[in-house]
Asks: 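One structure, as structure tokens, below. Some questions next.
For reference, positions follow the sequence shown, starting with 1.
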Amino acid sequence: MSNAFAVLLMVAALQDAPAQLVVTPDQAEFEVAASTQLSVRAIDATGRQVDGLQVRWFSATPEYAAVNATGRVLGLAPGVATIQAIVGGQSASINLVIRALPPAELTVTVGTTTPYAGQGLPLQVRAVDRFGDRVDDPDLTYRSSDPSVAAVDGAGLVFARREGSATIEARSGQATASVLVTVRPDPGLTYAVEPNEVRARTGDVVRFRGVAATRDGTEVAVFPEWSISGAGAQIEGDGGEGVFVAEEPGAYRVTARLGERVVASGVVRVEQRFIDAEIVQIGRGAISEHHSGDMWVFEGVDGRDYAYVGTYEWDWMLAFDVTDPARPVATDSVQLDARRINDVKIHPNNRLGILTREGASSRRNGLVFLDLSDPAHPAVLSEYTETVTGGVHNVWIDGVNELVYAVHNGTNAIHIIDIADPVSPVEVGRWSIENPARVLHDVMVTDGYLYASYWDDGAIVLDVGAGTHGGSPTSPTFVSQYKYPVGNSHVAWRHGRYLFVGDEIFPANWNPDDPIQASGYIHVLDMSDIENPVEVAKYEVPEAGVHNVWADGDRLYVGYYQAGLRVLDISGELRGDLYAQGREVAVIRTTDANSAVPNWPMTWGAQLHKGRIYSSDFNSGLWVTELRERRPPLS
């Protein structure tokens, strides 16, 4: 290229770049599921409008809004959405307010519909929009048909006053619901709160109960309105109990309003939670020439330990011997026609491996089965592409029933593959939600239930043999669904009574070869009633985004992308903001100067194996670490 020609190209590029962009919307504020059209005026250095330039649109907040190539914005969740326009190297952005949909239906419940005169009890109101999605914090008003019998205040607290019946109504916009309350005469109740005084650590859940008794000592159920002094703790009502948890140490007074003129209280003295622990690096299987994907660690049939690591935008699966975890040794690799080997899973018999394949040049993706009779040198045994040519993102192996539950990108359905003969796998079942815009990302099976991470449709629970809802391993049946406004449900892990559901939110136009500012956090769902999951806590690390998790005992091991590998104390009952409560046990940033993106950690996940924590980092490969917990010094 001549110098003169290069100068002409530079001049043309400068002429194409406008001096100013002005972005205007048809509506700057609109509801979820509605849309607005954006337009751009490009102005040159002389102040004249420039026409005919190509506009590229991006959503900087994909959790709140999406934008197509024409500039039409669709509201996805309540919040402030930022949309960016790029023209000739110049950019401009605009903020749009996405409002929550108003309630279309209300449901009102109360602890008891037959309170005694003198008692108080809060209403519980559940609001859903026209799509059946929960509406948080709806604007509610209340009224009573007879305040002399039962009154209700502006916060939904009902006061039983005298014998009789009254209807209590809740209203939000055009949606209404009501409940009939029948008041019984006061039998001379006395009131108290238990416990009267208790000690706890930050993050410990303390359950208070209001106590009411008749003159002969017979207890009566009460449903108080709970409150606390101070700003470093929270309390929520749960079936009449007050569930207390603190983020800050201190002394807190817990108060129960048991009636219009009746209050009782207790005290919690909270000290700072402290765990003396650290995560120590034991070994490394460094991978710097490309990005790494998921991994799996197992004991091979030869008695040695191995870690298999997938790749992103690469076509190799790497095998490491980690029998000496301080010195991982690369033993072999498997090359596939793929641009992504996202998931690696090993059958419980340790004789069969499965790789997921995406981006094959032949467009025949699917699953690749590995013969692990020589685990240091895995060999391709067979492939299955017949019904999953669109690519498989993740899988779960049910070794008891010889099934694989595969996440197929093409259908966004769960494809159930019989692997009793792994040389000739065959599809034997399929399940998906009905939403045509569905996005399926991950799947886990435990104790007869399948947990599917369905992105904006949230976490889906299926019966695949639990025997509770008529499902079987090859014919799943629906149990429940939990979704939240931001969406991006990426992973779900069941452990004990809780389901840990992680978001995955990447910025618009992210580049894998640059530092990625991921966001999103873990939602903790109480699954005590599996048909009605309840979000009770969260684990959110500021300025970082969560990826995959692993739970064992009282510890949750989390790949928190740019925040590194983190271990969380999940002992006891969980409520509130687990990060703010000091439940983090230890942290290590998987940072390496010699990596695909130098000095930028992107921890993918974690797996426990023989007391060590194995992780892959998107930018730097395999990490072997160990959690070392020490007893606090004797006082």
Side-chain angles (χ1 to χ4, degrees), residues 103 105-127 137-172 175-198 206-229 233-244 252-268 529 532 534:
E105 182 181 345
L106 301 180
T107 304
V108 175
T109 56
V110 68
T112 176
T113 58
T114 57
Y116 290 103
Q119 283 191 290
L121 55 161
L123 294 175
Q124 289 83 45
V125 181
R126 182 176 184 271
D137 301 319
D139 185 14
L140 295 166
T141 58
Y142 304 93
R143 63 176 296 274
S144 169
S145 65
D146 189 346
S148 68
V149 172
V152 59
D153 68 10
L157 184 59
V158 176
F159 300 114
R161 288 176 169 169
R162 66 173 177 83
E163 186 176 5
S165 296
T167 299
I168 309 298
E169 179 188 81
R171 175 180 292 272
S172 182
T176 63
S178 63
V179 61
L180 179 66
V181 173
T182 301
V183 180
R184 295 179 285 174
D186 181 6
L189 296 176
T190 58
Y191 298 90
V193 164
E194 295 178 351
N196 179 256
E197 186 168 338
V198 66
V206 180
R207 285 185 170 262
F208 286 86
R209 58 188 293 263
V211 180
T214 61
R215 292 185 182 92
D216 63 3
T218 302
E219 281 200 16
V220 172
V222 292
F223 301 89
E225 179 187 59
W226 297 93
S227 62
I228 55 172
S229 64
Q234 69 176 52
I235 192 165
E236 298 175 329
D238 182 11
E241 293 184 319
V243 185
F244 170 93
Y252 298 89
R253 180 169 298 279
V254 173
T255 300
R257 189 172 188 182
L258 296 143
E260 194 165 8
R261 297 178 179 83
V262 181
V263 295
S265 65
V267 174
V268 190
D529 178 357
N532 296 285
V534 177

Asks: Side chain to side chain contact (heavy atoms under 4.5 Å, CB included), that's the test. Do V179 and T109 meet it? Break it down for me.
Replies: CA-CA 7 Å; V179 61; T109 56; over 6 Å; no
Asks: Once rounded to the nearest 0.5 Å, what's the spacing between atom CZ of R207 and atom CD of E236?
Replies: 10.0 Å
Asks: Looking at every non-hydrogen atom in both residues, tell me the closest pair between P187 and T214 and how far apart they are.
Replies: CG-CG2, 4.0 Å
Asks: Do S148 and R161 get their side chains close enough for a donor-acceptor pair, meaning under 3.5 Å?
Replies: no
Asks: Please check if atom CD in E260 has more than 12 non-hydrogen atoms from other residues, nucleotides or ligands closer than 6.0 Å.
Replies: yes
Asks: Shortest non-hydrogen contact from Y142 to G154?
Replies: CE1-O, 3.6 Å
Asks: In Å, rounded to the nearest 0.5 Å, how long is the span from CD of E225 to CZ of F159?
Replies: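 Here the rounded value is 7.0 Å.
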Asks: List the steps, then state whether side chain to side chain contact (heavy atoms under 4.5 Å, CB included) holds for L140 with L106.
Replies: CA-CA 10 Å; L140 295 166; L106 301 180; 4.1 Å; yes
Asks: Assess the side chains of T114 and T182: does a donor N or O sit below 3.5 Å from an acceptor N or O?
Replies: no
Asks: Please assess Y252 against I235 for the test side chain to side chain contact (heavy atoms under 4.5 Å, CB included), listing each intermediate value before the final yes or no.
Replies: CA-CA 11 Å; Y252 298 89; I235 192 165; over 6 Å; no
Asks: How long is the gap from OG1 on T190 to CZ on R215, to the nearest 0.5 Å?
Replies: 9.5 Å
Asks: Distance from F223 atom CZ to T112 atom OG1, nearest 0.5 Å?
Replies: 6.0 Å
Asks: Verify, without hydrogens or angle tests, whether S265 (side chain) and R253 (backbone) share a donor-acceptor contact under 3.5 angstrom.
Replies: no
Asks: Return the minimal non-hydrogen interatomic distance between L121 and G111, and the atom names on each side.
Replies: CD1-N, 4.2 Å
Asks: Go through D146 and R162 one step at a time and tell me if the side chain to side chain contact (heavy atoms under 4.5 Å, CB included) criterion holds.
Replies: CA-CA 10 Å; D146 189 346; R162 66 173 177 83; 3.8 Å; yes
Asks: Among I168, T167, V181, L180, which one satisfies side-chain contact (heavy atoms from CB on, under 4.5 Å) with S145?
Replies: T167
Asks: Under 6.0 Å from the CG atom of D137, do we count more than 12 heavy atoms belonging to anything else shown?
Replies: no
Asks: Grab the two heavy atoms, one from Y191 and one from Q119, that are nearest each other, plus how far apart they are.
Replies: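 Reported closest heavy-atom pair: OH-CG, 3.5 Å.
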Asks: Mark yes when over 12 heavy atoms from residues, nucleotides or ligands other than D139 sit less than 6.0 Å from its CG; otherwise mark no.
Replies: no
Asks: Should the pair F208 and F244 be assigned to parallel (<30°), tilted (30 to 60°) or perpendicular (>60°) ring geometry?
Replies: perpendicular
Asks: Show the nearest heavy-atom pair for residues E163 and V149, with the distance to one decimal.
Replies: O-CG2, 4.3 Å
Asks: Closest heavy-atom contact between L258 and A192?
Replies: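 So the minimum-distance heavy-atom pair works out to CD1-O, 4.3 Å.
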